[in-house]
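Input: a single structure, listed below in structure tokens.
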Amino acid sequence: MERSNDQVANLLQEYADLIAITGGDAFKARVYEKAARSVGGYAGDIAKMDAGELRRIPNVGTSIAAKIDEFLRTGAIHQLEELRGKIPAGVRRLTVIPSLGPKKAVMLYHELGIDSIESLEGAIRAGLLHDLHGFGAKTEENLLHGIELMHKAGERVDLGVGMSAAEEIVAALLQVPGCERCVYAGSLRRMKDTIGDIDVLATAREPAALMDAFTRLPTTGEVIAHGDTKTSVRTVAGLQVDLRVVPADSWGAALQYFTGSKAHNIRTREIAVHKKLKLSEYGLFDVTTGEKIASTDEADVYGMLGLPWIPPTLREDSGEIEAALRGELPRIVAETDLRGDLHTHTNLTDGLASLEEMAAAAAERGYAYFAITDHAPELYMQRMTDEKALAQREQVRKLDGAYGGMRLLHGTELNIDPEGDVDWPPEFLAGFDLCVASLHSHFTQPREETTRRLLRACENPHIKIIGHPTARVIGRREPVDADWDTVFTACARTGTALEIDAFPERLDLPAGLVRRASGKGVLFAVDSDAHAVPHLANMRYGVATAQRGWLTADQVINAWPLDRLLRFLQADRP
DNA sequence: GCCGTTTTCGGCCCGACTGTTTTCAGTCG
């Protein structure tokens with residue numbers, strides 16, 4: 001099942017939204033929001049906690065602890081149900097449209113009865129918003145653009161959402177008696193940054209029983225199709241999941257086939273044809289004799305085609321077949337190659353966990369080094385000051401080595417302002433072990449300005465990593481427009497690494513740009529950008545993005561040994 | 001509704017930007 005922490009975090013966030021949308025106390029709404037983040041980011045399992053223990057979670061007091069407790073015991077929170085009754089769910093969903101908040105959403109509902117994104121789109125096109133106070137031509141345009149952005153992402157979900165759904169389903173199916181093997185395949189196995197549907201592959205002694213069990217999982221909302229070898233359902237969250245049961249001796253061929261991509265499979269089947277073979281999900285066959293020559297193991301299938309096994313993250317027909325034929329497939333970076341994390345936050349700014357908690361969790365992951373990079377003063381809301389930064393540095397120095405010998409680095413995440421300048425002057429930056437610099441505003445500057453801005457950051461000798469370079473949020477915010485090739489050239493020349501931010505809604509730099517930058521000799525840092533202990537585990541998504549960008553461990557600075565990393569961080573600094 | 005205390009009430013991240021308005025509300029980070 002989904003972590004209780006996440007379930008409760010979602011409910012508390014919904015409660016906060018409903019307070020805001022029904023015109024409740026804004027401060028109260030904010031408290032629920034803060035509590036939602038605290039619970040979602042809490043390292044312990046709340047399902048095992050009583051009301052008293054729950055209150056020890058930051059921002060959880062008597063009232064919220066009681067609500068959580070009620071949910072854990074009964075599966076519902078009655079006050080939440082009451083609020084839900086006051087406003088249609090579609091109205092709350094309107095606020096996912098950028099630039100549309102609770103105030104406008106509820107106004108649209110009360111004035112025009114708009115209770116869904118579809119009805120909003122219709123109303124705008126019908127000109128019904130013209131007479132509404134506070135809605136001008138530009139607002140309509142922005143709303144339509146926001147809706148378009150969401151349509152473009154379609155019904156797809158981000159990699160993190162897809163992965164947790166898939167892992168939950170696979171784990172449940174493996175518990176069904178008679179289920180022998182069960183894995184997810186498709187775009188999820190290729191770790192694409194968004195997932196349209198989930199493909200699950202299984203072998204079972206009694207396929208029909210497994211199919212039946214699948215239709216009855218708690219995650220299953222509706223059954224779309226129910227057959228002998230394939231069953232499709234839609235989860236309660238609206239995600240389509242296809243389960244295919246295959247014969248055990250077809251496992252490898254089926255896994256290859258259902259992992260895709262379509263373009264990659266076309267290429268492998270072409271290769272088979274040239275060798276007078278036929279490749280299908282049932283196996284690789286000799287056309288003349290009809291004999292099956294490979295099928296149980298994926299590597300055998302590739303092997304009989306004259307190819308090495310190709311990692312799923314490379315299977316996009318973007319040159320991997322040619323590279324494989326030449327024996328030049330890269331040894332792509334693996335999560336186990338990473339020796340540290342270079343972009344993380346604590347509760348000194350907008351993180352949830354203390355420096356000690358973050359460091360302890362990092363050490364548990366086996367890291368040799370770990371950088372704390374809290375926000376700098378220019379993000380006013382974080383209330384960072386010189387004094388706080390220096391006090392944190394002292395604390396970092398004191399704790400250095402205290403967690404299994406792990407090296408603690410004191411860094412900061414600077415804000416790149418519209419001109420390309422950052423929060424602190426060079427002499428103050430010189431005191432940090434590491435400076436990450438990122439865009440946090442002015443995302444819609446023209447290409448030339450954004451490019452100049454990023455170039456200026458690269459030229460700053462103290463800045464060694466550009467954080468989440470495109471600033472995109474998948475399905476919510478477009479990447480900034482920059483002349484990336486110029487930026488990449490500057491990064492390579494100045495020794496500035498580009499980050500691959502591992503948050504599943506970011507995955508930024510995106511894989512396509514990673515590959516382009518890699519070609520220009522740029523180095524990378526795969527970072528969690530963790531704001532809480534559980535976020536440290538997002539690293540897998542960042543690594544997958546690095547793989548999809550064809551990176552080797554040598555191109556990733558946090559896969560380097562400490563001494564090499566430190567030399568890189570010190571290079572060219574005055 | 002939570003927190004911290006100058007402990008039972010007052011403050012709560014705060015400034016910028018946008019689009020609308022004509023002095024400001026809503027949204028965002």
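Every chain is numbered from 1, with letters handed out A, B, ... down the list of sequences.
- Nucleotide B:dC13 holds its C1' atom 14 Å from the CG atom of A:Leu348, rounded to whole Å.
- In summary, the side chains of A:His440 and A:Asn415 do present a donor paired with an acceptor at a separation below 3.5 Å, with no hydrogens or angles considered.
- Nucleotides B:dT20 and B:dG11 place their C1' atoms 31 Å apart, quoted to the nearest Å.
- At the heavy-atom level, A:Ala137 lies under 4.0 Å from the strands shown only through sugar-phosphate atoms.
- Of all the residues in residues 57-69 of chain A, A:Pro58, A:Asn59, A:Val60, A:Gly61, A:Thr62, A:Ser63, A:Ile64 reach under 4.0 Å from DNA chain B with at least one non-hydrogen atom.
- Taking the P atom of each, B:dG10 and B:dG15 are spaced 23 Å apart, rounded to whole Å.
- Atom-to-atom, NE2 of A:His133 to C1' of B:dT22 comes out at 12 Å; the value is rounded to the nearest Å.
- Rounded to the nearest Å, the gap between the C1' atom of B:dG26 and that of B:dT21 is 13 Å.
- Between A:Arg477 and B:dG29 there is a side-chain N or O to OP1 or OP2 distance below 4.0 Å.
- We find that A:Asp17 and A:Arg92 are joined by a salt bridge, their nearest charged nitrogen and carboxylate oxygen being less than 4.0 Å apart.
- Each of A:Ser99 and A:Thr139 lies near DNA chain B, and the nucleotide nearest A:Thr139 is the one positioned closer to the 5' end.
- Residues A:Ser518 and A:Gln555 meet the side-chain proximity criterion, which asks for heavy atoms closer than 4.5 Å.
- Ion pairing between A:Lys48 and A:Asp45 holds under the 4.0 Å rule for side-chain N and carboxylate O.
- Checked against the 6.0 Å centroid criterion, the rings of A:His462 and A:Phe432 do not qualify as a close aromatic pair.
- Between the P atom of B:dG29 and the CZ atom of A:Phe503 lies a distance of 14 Å, rounded to the nearest Å.
- In the set B:dG29, B:dT21, B:dT27, the nucleotide with an atom closest to the side chain of A:Lys104 is B:dT27.
- Both tests pass for A:Arg477 against the ring of A:Phe443: distance under 6.0 Å to the centre and angle within 45° of the axis.
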Step-by-step salt bridge (charged side-chain N to carboxylate O under 4.0 Å, His left out) determination, A:Asp158 to A:Lys192: CA-CA 9 Å; A:Asp158 77 43; A:Lys192 280 197 64 149; over 6 Å; no

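- Relative ring orientation between A:His375 and A:His345 is described as parallel, the plane-to-plane angle staying below 30° on a 0-90° scale split at 30° and 60°.
- Using a 4.5 Å heavy-atom threshold, the side chains of A:Tyr109 and A:Ile114 count as separate.
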Tabulated below should be each protein N or O lying under 3.5 Å from an N or O of nucleotides 16-18 of chain B; please produce it.
| from | atom 1 | to | atom 2 | distance (Å) |
| --- | --- | --- | --- | --- |
| B:dC17 | OP1 | A:His442 | NE2 | 3.3 |

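- Taking atom NE2 of A:His375 as the reference point, atom C1' of B:dG15 lies 16 Å away to the nearest angstrom.
- Atom C1' of nucleotide B:dC2 and atom CD of A:Glu33 are separated by 14 Å, given to the nearest angstrom.
- B:dC2 and B:dT8 have their C1' atoms separated by 14 Å, with the value rounded to a whole Å.
- Atom pair A:Phe443:CZ and B:dC28:C1' shows a separation of 9 Å (rounding to whole Å applied).
- For the P atoms, the distance linking B:dT6 with B:dG1 amounts to 25 Å, nearest Å.
- For the pair A:Asp417 CG and B:dG15 C1', the interatomic distance rounds to 15 Å; values are reported in whole Å.
- Nucleotides B:dT22 and B:dA16 have their P atoms positioned 24 Å apart, rounded to a whole Å.
- Take the nearest nucleotide of DNA chain B for A:Tyr32 and for A:Ala105: the residue whose nucleotide is more 5' is A:Tyr32.
- Atom C1' of B:dC13 sits at a distance of 13 Å from the matching atom of B:dC28, rounded to the whole Å.
- More than 12 heavy atoms of other residues, nucleotides or ligands lie within 6.0 Å of CD in A:Glu459, so this atom counts as buried by the packing criterion.
- Here A:Arg516 pairs with A:Asp485 in a salt bridge; the nearest charged N to carboxylate O distance falls below 4.0 Å.
- In this structure, the CG atom of A:Leu143 is 11 Å from the P atom of B:dG19, given to the nearest Å.
- Remark: A:Arg30 is in phosphate contact with B:dC13, judged by side-chain N or O atoms under 4.0 Å from OP1 or OP2.
- As the counterpart of B:dC9, B:dG4 is assigned, both hydrogen-bonding distances of the Watson-Crick or G-U wobble pattern falling under 3.5 Å.
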